[in-house]
Amino acid sequence: MATSLNYKYQPSDRMAHLIADHYQLIQVMSRFGIPLGFGDFTVEQTCRENGVDCETFLTVVNFVVDGLPNYKAHSSVSLKALLHYLKQSHIYFLEYLLPAIRRKLLDGIHLRTDDVSFLILKFFDDYVNEVRTHMEYEEKNVFAYVNALLSGEIFSDYTVTTYSDHHEQVGSKLKELKNLIIKYCPQSANTNLLNDALYDIYRCEEELENHCRVEDCLLVPAIINLEKSLESKV
């Protein structure tokens, strides 16, 4: 396959080198359904072995690594592959990372109703509800809309700009939560457990920002291109 020379990582690079350079790409790889144990296979070989669209995988990889400033909206990204990646991201956040952070918070703050520990947990639960609402909207509206477009359907009452207007960053409440923990951590807290939870909150914030950027900068342009393509055939 041909990939832009402006991309940092290419199909001929060893998959193991990508992970060695940026351990964060483990999550990208996992969400595309690529398991560990790929030996010295190249990116192209690994994608082919796992039925993954290599162009889309590399587009996301390069975007996560350096923002992909040379990315063009007309790049040959597979919307089907990108939707799979984003759906798996939702599962990771809602079913794994956020519940794991909550357990650490519970174990670390020794929850009481008469001190700041109760407020910390309430802030976190409110944040999770905000993330869940956001992702459920995407699943029920945006992703369903894309699947309909992929089937050749055209809608007069909905375009991707509707989604763009609705799509907001979901990280502001996390900043409040971090400040609450850092400034007003209860004295009875287990320092190691709470520090571990705080570290995961920072990591979650970074990953969610990347997730939103992929949607805004990769998914939306690809949908617009598909909309225009279908409209031109009418």
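The chain is numbered in sequence order, starting from 1.
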Which pair of heavy atoms, one from [X] and one from [Y], lies closest together, and at what distance?
| X | Y | result |
| --- | --- | --- |
| Asp216 | Pro221 | O-CD, 3.5 Å |
| Gln45 | Thr42 | OE1-N, 2.9 Å |
| Leu83 | Leu219 | CD2-CD1, 4.2 Å |
| Asp107 | Asn190 | O-CB, 4.4 Å |
| Ile120 | Leu177 | O-CD1, 3.5 Å |
| Leu194 | Cys185 | CD2-SG, 3.2 Å |

Is the shortest heavy-atom distance from the side chain of [X] to the side chain of [Y] under 4.5 Å?
| X | Y | value |
| --- | --- | --- |
| Val220 | Glu215 | no |
| Phe32 | Val60 | yes |
| Tyr127 | Leu98 | yes |
| Cys47 | Asp53 | no |
| Leu97 | Arg203 | yes |
| Phe63 | Asn210 | no |

Answer with yes or no whether the side chains of [Y] and [X] bring together a donor and an acceptor at under 3.5 Å.
| X | Y | value |
| --- | --- | --- |
| Glu227 | Tyr145 | yes |
| Asn129 | Arg132 | no |
| His211 | Glu207 | no |

Main-chain N/O of Asp40 paired with Arg14 side-chain donor or acceptor, under 3.5 Å
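Yes; judged by distance alone, with no hydrogens or angles, the pair exists.
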**OP:** Check for a donor-acceptor pair, side chain of Asn50 on one end and backbone N or O of Val52 on the other, with a separation under 3.5 Å.
**Re:** no
Practice problem: Establish, yes or no, whether a centroid distance under 6.0 Å links the rings of His134 and Phe93. | Solution: no
To the closest 0.5 Å, what do you measure between [atom1] ([X]) and [atom2] ([Y])?
| X | Y | atom1 | atom2 | value |
| --- | --- | --- | --- | --- |
| Leu79 | Asn225 | CG | CG | 9.0 Å |
| Asn179 | Lys175 | CG | NZ | 10.0 Å |
| Lys178 | Ile201 | NZ | CD1 | 8.5 Å |
| Ser12 | Glu44 | OG | CD | 8.5 Å |
| Thr56 | Lys80 | OG1 | NZ | 11.5 Å |
| Ile101 | Tyr199 | CD1 | OH | 11.5 Å |

**Study point:** Over 12 foreign heavy atoms within 6.0 Å of CD, Glu49
**Key:** no
Would you call the rings of Tyr9 and His22 parallel, tilted or perpendicular, where under 30° means parallel and over 60° means perpendicular? perpendicular
message = One pair to check against ring pair (Phe, Tyr, Trp, His ring centres under 6.0 Å): Phe143 and His90. What are the steps and the verdict?
response = CA-CA 12 Å; Phe143 293 178; His90 289 181; 5.5 Å; yes
Problem - Single hit among Arg102, Lys104, Arg103 for salt bridge (charged side-chain N to carboxylate O under 4.0 Å, His left out) with Asp200 - result: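 Of the listed options, the one satisfying the test is Lys104.
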